[in-house]
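Heads up: numbering here begins at 1 and tracks the sequence. Treat the numbers as computed from the prediction; the structure is a model and nothing was measured.
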Amino acid sequence: MSSVKNWLAAFRLRTLFLAVAGVTLGTGLALHVGKFSATIFVLALTLAVSIQILSNLANDLGDYLKGTDTTGKRLGPTRSVQSGKISPTQMKTAVIITAIVVATIGLTLVLNAAENFTRLSIFILLGIGLICILSALFYTMGKYAYGYVGWGDFFAFLFFGPVAVIGTYFLHTGSFAFQPVLPSVGLGFISTMILNVNNMRDIENDITSGKITVASKLGLKNAKIYHTLLTFGMFTCFLQYSFMFAALPWYRYLYTIIFLFQFYILTQVHKKSDRELDPYLKLTSIAGFLLSIIFSICINI
């Protein structure tokens, strides 16, 4: 029987910052237009964290079954199934149970807010929820795992950015609008940056195991240029929102202090390679989390 400690390690708690960031940012944007529901916030936050845990468990199992974790060249932390602390059978069971939990939370969230939506909107939300579950499962699992054919960056951008932020905004407000688009794209860039750091770290292992990523296709030098473009694209998205919707007073721009932290991370990423890149996964995630919180505060004061 695997210990609680082993399961907590498998959950990869350091990756949960970005899941929280998307819901926080979407809620902050909704609050900026005078809409907020504490119940929706709590349920959406629980759902986002649960989906991230599901993705982490499925990725652990999928990479192990595909042999990516057993090449001897992977530089990241040892995975749970890879280490033998959790068996493949136990992990499969955990994935199934977590998927059921995610579906239950998602259904509860939609039904709780259903009175504010049309029937079509409810079906769209349920459909998006199903796609989120499938995406969490099949990033590394299955014959056609999209994380192995170069689509990981796009889906990380989509689900941690626009889907999370605009989805949360819609649940609070009951309507679609342009306001959450730019910040959602900015957060999507941050999520892509996190994955890119991970893929730059493991570039040699991924090439050896046949895993196609944007970093492995670009090569380390060009992947760092790509990382720079993502970083400055993120700066632009958040600033443009401020110019358009929260230009005054001046202290609404105080969130840009986090840009200095993110720029520091960028300079370090350019200097590092292989295992030296690993700390910047967590730091980039924390930076995205802090930006979402402070930005949400700034636009509402």
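Figure legend: K66 and Y148 shown as a cation-pi pair, the cationic atom lying under 6.0 angstrom from the six-membered ring centre and within 45 degrees of its axis.
If you chain together hydrophobic residues whose side chains sit under 4.5 Å apart, L25 and F178 fall into the same group. Follow the hydrophobic side-chain contacts under 4.5 Å out from I257 and you reach Y251 in the same cluster. Residues I190 and F263 fall within the same hydrophobic cluster, defined by Ile, Leu, Val, Met, Phe, Trp and Tyr side chains chained together at heavy-atom separations under 4.5 Å. Note: the hydrophobic cluster containing F123 does not contain V163 (ILVMFWY, side chain heavy atoms under 4.5 Å, direct or indirect links). M244 and I301 end up in the same hydrophobic cluster when Ile, Leu, Val, Met, Phe, Trp and Tyr side chains are linked at under 4.5 Å.
Rounding to the nearest 0.5 Å gives a distance of 12.0 Å between CZ of F289 and CG of L187. With rounding to the nearest 0.5 angstrom, the CG atom of L29 is 10.0 Å from the CG atom of L182. Remark: F259 CZ to Y253 OH distance equals 11.0 Å, nearest 0.5 Å. Note that CG of L126 is 6.5 Å distant from CG of L107, once rounded to the nearest 0.5 Å. With rounding to the nearest 0.5 Å, the separation of OG1 in T168 from CG in L43 is 11.5 Å. We find the CG-OG distance between N198 and S285 to be 12.0 Å, quoted to the nearest 0.5 Å.
The shortest side-chain heavy-atom distance between L61 and L57 does not fall under the 4.5 Å cut-off. Looking only at side-chain heavy atoms (C-beta outward), F157 and V185 come within less than 4.5 Å of each other. With a 4.5 Å cut-off on side-chain heavy atoms, L291 and Q262 count as touching.
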Practice prompt. Show the numbers, then the answer: is there a side-chain contact (heavy atoms from CB on, under 4.5 Å) between S80 and N6?
Written response: CA-CA 7 Å; S80 299; N6 291 336; 5.9 Å; no
Item to complete: Walk me through it: do K85 and D60 pass the test salt bridge (charged side-chain N to carboxylate O under 4.0 Å, His left out)?
Response: CA-CA 12 Å; K85 293 178 180 178; D60 195 310; over 6 Å; no
Practice prompt. Check the pair N199, V214 against side-chain contact (heavy atoms from CB on, under 4.5 Å), reporting the backbone distance first and the verdict last.
Written response: CA-CA 8 Å; N199 292 340; V214 171; 5.9 Å; no
Fill in: M141 vs L65, side-chain contact (heavy atoms from CB on, under 4.5 Å): CA-CA, chis, key distance, verdict
CA-CA 8 Å; M141 289 178 62; L65 294 176; 5.8 Å; no
Practice prompt. Please assess L45 against T27 for the test side-chain contact (heavy atoms from CB on, under 4.5 Å), listing each intermediate value before the final yes or no.
Written response: CA-CA 10 Å; L45 193 62; T27 299; over 6 Å; no
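At distances below 3.5 Å, not a single donor-acceptor pair connects side-chain atoms of R201 with backbone N or O atoms of V197. Remark: side-chain polar atoms of T267 are paired, donor with acceptor, to backbone N or O of Y264 under 3.5 angstrom. S191 places no side-chain N or O within 3.5 Å of a backbone atom of F160 that could act as its donor or acceptor partner. The backbone N or O of I212 sits nowhere less than 3.5 Å from a side-chain atom of S216 that would complete a donor-acceptor pair. A distance-only check finds no donor-acceptor pair linking the side chain of R252 to the backbone of S242 [under 3.5 Å]. Within the 3.5 Å criterion, the main-chain N or O of V181 finds a donor-acceptor partner in the side chain of S184. In this structure, S292 contributes its side chain and G288 its backbone to a donor-acceptor pair below 3.5 Å. Distance alone, capped at 3.5 Å, places no donor-acceptor pair between the Q52 side chain and the V49 backbone. Put simply, the side chain of N300 gets close to the backbone of S296: a donor and an acceptor are under 3.5 Å apart.
Taking each heavy atom of V23 and A44 in turn, the nearest pair found is CG2-O, 3.5 Å. Nearest heavy atom pair, residue G147 against residue T213, reads O-CG2, 4.4 Å. Contact between N196 and A215 at its shortest, heavy atoms only, is OD1-CB, 3.9 Å. Residue Q268 comes nearest to K272 through the heavy atom pair O-CG, 2.9 Å, listed as atom of the first residue, atom of the second, then distance. Scanning both residues, V269 and L277, for their nearest heavy atoms gives O-CD2, 3.9 Å. For the residue pair P180 and P183, the shortest heavy atom distance occurs at O-CD, 3.5 Å.
The environment of L130 atom CG is dense: over 12 non-hydrogen atoms of other residues, nucleotides or ligands sit within 6.0 angstrom.
Residues S121 and T118 bring a donor and an acceptor atom of their side chains to less than 3.5 Å of each other. Counting only N and O atoms by type, the side chains of T15 and N56 include a donor and acceptor under 3.5 Å apart. One side chain, D153 or Y226, offers a donor N or O that lies under 3.5 Å from an acceptor on the other. There is no side-chain donor-acceptor pair under 3.5 Å between D63 and Y139.
Between F176 and F170, the distance from one ring center to the other falls under 6.0 angstrom. Under the 6.0 Å cut-off for aromatic ring centres, Y146 and F138 do not qualify, their centroids lying 6.0 Å or more apart.
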Between side-chain atoms of residues 32-41 and protein atoms elsewhere (two or more places apart, or another chain), which donor-acceptor pairs fall under 3.5 Å?
from : atom 1 : to   : atom 2 : distance (Å)
H32  : ND1    : Y241 : OH     : 2.7
H32  : NE2    : I299 : O      : 3.3
S37  : OG     : I40  : N      : 3.3

Which donor-acceptor pairs under 3.5 Å do the side chains of residues 228-235 make with protein atoms, sequence neighbours left out?
from : atom 1 : to   : atom 2 : distance (Å)
T228 : OG1    : K224 : O      : 3.0
T228 : OG1    : H270 : NE2    : 2.7
T231 : OG1    : H227 : O      : 2.9

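Residues that satisfy the side-chain contact (heavy atoms from CB on, under 4.5 Å) test with I294, not counting sequence neighbours, are Y255, I258, C298.
Between V110 and the choices I128, I122, L47, the side chain to side chain contact (heavy atoms under 4.5 Å, CB included) rule is met once, by I122.
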